[in-house]
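Input: one structure, supplied below.
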Amino acid sequence: MTNKVPSVSQLITHIKNNLESNYQNISVTGEVSNLSSSGAGHWYFSLGDANALMNMALFRGDAMRNPIIKNIKAGDKVIVSGSVSVYPKRGSFQLIVKRIVPAGKGDLQEQFERLKKKLQAEGLFDMSSKIPIPSMPKKIGVITARGAAALQDFLNVAARRSDYHQVLLSPALVQGDNAPASIRKALEKLIAYHLKAKEEGRTKDMLDVIVLTRGGGSMEDLWAFNDEALAWDIYNCPIPTISAVGHQVDFTISDYVADLRTETPSAAAEVLTQKFLSIETDLNRVRKDLKNAMDGQLRTRYEVLAETSPLSFLQALRSKISEYKHDLEKLNLIKRKEQILSLYEYSYELDRIAQKLSRAIKEKVQVFKNRNLEFEKILSALNPRNVLTRGYAYTQIGDKVIGSAKEMNKLSNVDVDIHYADGKVTLHKGAKA
């Protein structure tokens, strides 16, 4: 259950949203009390009658547009216009004042409201009857006072944001009793100029939009734009119209009947040049991207060209020659004499060792030869054949040497070989008797 009960801040927020959305641009009349100002230029007061009292706040910017506040005193009856605002921390609400006038001048507000209701009932404010504002107007008609600050603001902003438009001024009075007729005449001239250009086929001279503009001021200052006849002229205008009269808090009948209302002359210039500015921004971006792409391609082409140019080839050839020169320097015998000498000494040492080894081997062989000779002498001395030369002989039967007479006597019927120094003689020994 407790989860469904709102907190204080939730309730105040709900009230704030409802009050502030339902009570905007309202007017109220009453007597001033508790009037005070702050060092920052803000004004605070209460507005009441016999039965109720309401807090008011007129902030610095709005106070500068309503200098009459300095002449207001407690007890004065005034008419204020603004919007309700809720201050959550105190749970209170107040009216943020945008305009304040003495109640004696409240007749103008009443006339404004009556005319507004009448024209609204007659369909002059219907959205279905409004002509779309061209997004890229090339010919702009402006109705305002010659040399007015509003005209300079419009021209400066438009020129800063775009160069693709022309402004045709139709000067008019924008304040005073003769202002409504002057504005209507200026509008009539622009329409006639447009229709004549259309009839003669001069499409480039035809108007794309008309801007009615002037700076801010009191309701009396702006009253020329609340003229009923002017409202019908704007409604019947074949050219799209923009009403840029006063400041953000200023509303006139021309604002409601025009095809578009902007808060200031500068805002009107911004609306009309927005598309041009967007296109110019896109073009600058594309131009930058294209330049970057071209620079990249040029760098690539320059690299390829540099690699295939004679100068590049010459540089590569010089580099190769330098490498070969370096290799040749490594083979230079004069510069490498220390390495060469070391190698020679090493070879010489090997030859010396080889010769020494060869001599040692020869000596060893000779030793073995001498020893063999000695062995030959000994063997020769022990060789039975050498004994035979001295008159001796030995007998042999087959492979067996007969060393005694006893052995010989035992043999019979065999061939006996008798060996002498100069040969052998074979005798046959018969059988025993």
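Everything numeric here is computed off the predicted structure, so don't read it as measured data.
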Decide whether a cation-pi geometry holds between Arg99 and Phe251; the criteria are a distance under 6.0 Å from NZ or CZ to the six-membered ring centre and an angle within 45° of the ring axis. no
To the closest 0.5 Å, what do you measure between CG (Asn18) and CD (Glu20)? 10.0 Å
Side-chain (Thr300) to main-chain (Gly296) donor-acceptor, under 3.5 angstrom: yes
Could you check whether any side-chain N or O of Ser83 sits under 3.5 Å from a backbone N or O of Gln24, counting only pairs where one atom can act as donor and the other as acceptor? no
Around Asp177, counting heavy atoms of other residues, nucleotides and ligands shown, do more than 12 lie under 6.0 Å from its CG? no
Counting only heavy atoms not in Glu200, do more than 12 sit closer than 6.0 Å to its CD atom? yes
Stepwise salt bridge (charged side-chain N to carboxylate O under 4.0 Å, His left out) check, Asp295 with Arg299: CA-CA 6 Å; Asp295 290 343; Arg299 283 194 297 270; 5.1 Å; no
Of all the heavy-atom pairs spanning Ala63 and Trp43, show the shortest one and how long it is. CB-CD1, 3.8 Å
Look only at the side chain of Asp259 and the backbone of Ile131, and say whether a donor-acceptor pair between them is shorter than 3.5 Å. yes
side-chain hydrogen bond (donor to acceptor under 3.5 Å, both in side chains) between Gln366 and Asn370, worked out: CA-CA 6 Å; Gln366 188 62 41; Asn370 294 335; 3.1 Å; yes
Identified side-chain contact (heavy atoms from CB on, under 4.5 Å) counterpart of Leu272 within the set Ile242, Leu260, Thr262: Ile242
Sequence neighbours excluded, every pair satisfying ring-ring contact (aromatic ring centres under 6.0 Å, His included) that has a member inside residues 50-79: His42-Phe59
Please check if the side chain of Ser182 supplies one atom and the backbone of Asn178 the other of a donor-acceptor pair under 3.5 Å. no
Looking only at non-hydrogen atoms, find the nearest pair between Ser170 and Ala186 and report the distance. OG-O, 3.0 Å
Report, as yes or no, whether the 6.0 Å neighbourhood of atom CZ on Phe93 holds more than 12 heavy atoms from other residues, nucleotides or ligands. no
What is the distance from atom OG of Ser92 to atom CG of Asn55, rounded to the nearest 0.5 Å? 6.5 Å
Lys130 (side chain) donor-acceptor with Ala258 (main chain) under 3.5 angstrom: yes
Any side-chain donor-acceptor pair under 3.5 Å between Gln175 and Asp221? yes
Whether the side chain of Lys16 engages the backbone of Val86 through a donor-acceptor N/O pair (distance < 3.5 Å, no angle test) should be reported. yes
side-chain contact (heavy atoms from CB on, under 4.5 Å) with Val78: of Leu47, Thr29, Ile68, only one passes, and it is Leu47
How many angstroms lie between atom CG of Leu212 and atom CZ of Phe225, to the nearest 0.5 angstrom? 6.0 Å
Is the closest side-chain donor-acceptor distance between Ser254 and Thr252 under 3.5 Å? yes
Can any side-chain N or O of Thr273 pair as donor or acceptor with the backbone N or O of Phe276 at less than 3.5 Å? no
Would you say Asn17's side chain and His14's backbone share a donor-acceptor pair under 3.5 angstrom? no
Are more than 12 heavy atoms, taken from residues, nucleotides or ligands other than Tyr23, located less than 6.0 Å from that residue's OH atom? no
Polar side-chain atom of Asn226 near backbone of Ile253 as donor-acceptor pair, under 3.5 Å: yes
Please report the interatomic distance CE(Met54) to CD(Gln94), rounded to the nearest 0.5 Å. 8.5 Å
Strictly by modelled atom types, are Glu280 and Asn284 linked by a side-chain donor-acceptor pair under 3.5 Å? no
Is there a donor-acceptor pair under 3.5 Å between the side chain of Asp227 and the backbone N or O of Leu230? yes
Can I get a per-line list of side-chain donor-acceptor pairs under 3.5 Å for residues 142-159, giving both atom names and the distance, sequence neighbours left out?
{"residue": "Thr144", "atom": "OG1", "partner": "Thr213", "partner atom": "O", "Å": "2.7"}
{"residue": "Asn156", "atom": "ND2", "partner": "Gln152", "partner atom": "O", "Å": "3.0"}

Could you measure the distance from the OH atom of Tyr256 to the CG atom of Leu124? Nearest 0.5 Å is fine. 14.0 Å
Test side chain to side chain contact (heavy atoms under 4.5 Å, CB included) on Lys139 and Lys204; report intermediate values, then the result. CA-CA 8 Å; Lys139 196 84 167 183; Lys204 65 177 182 179; over 6 Å; no
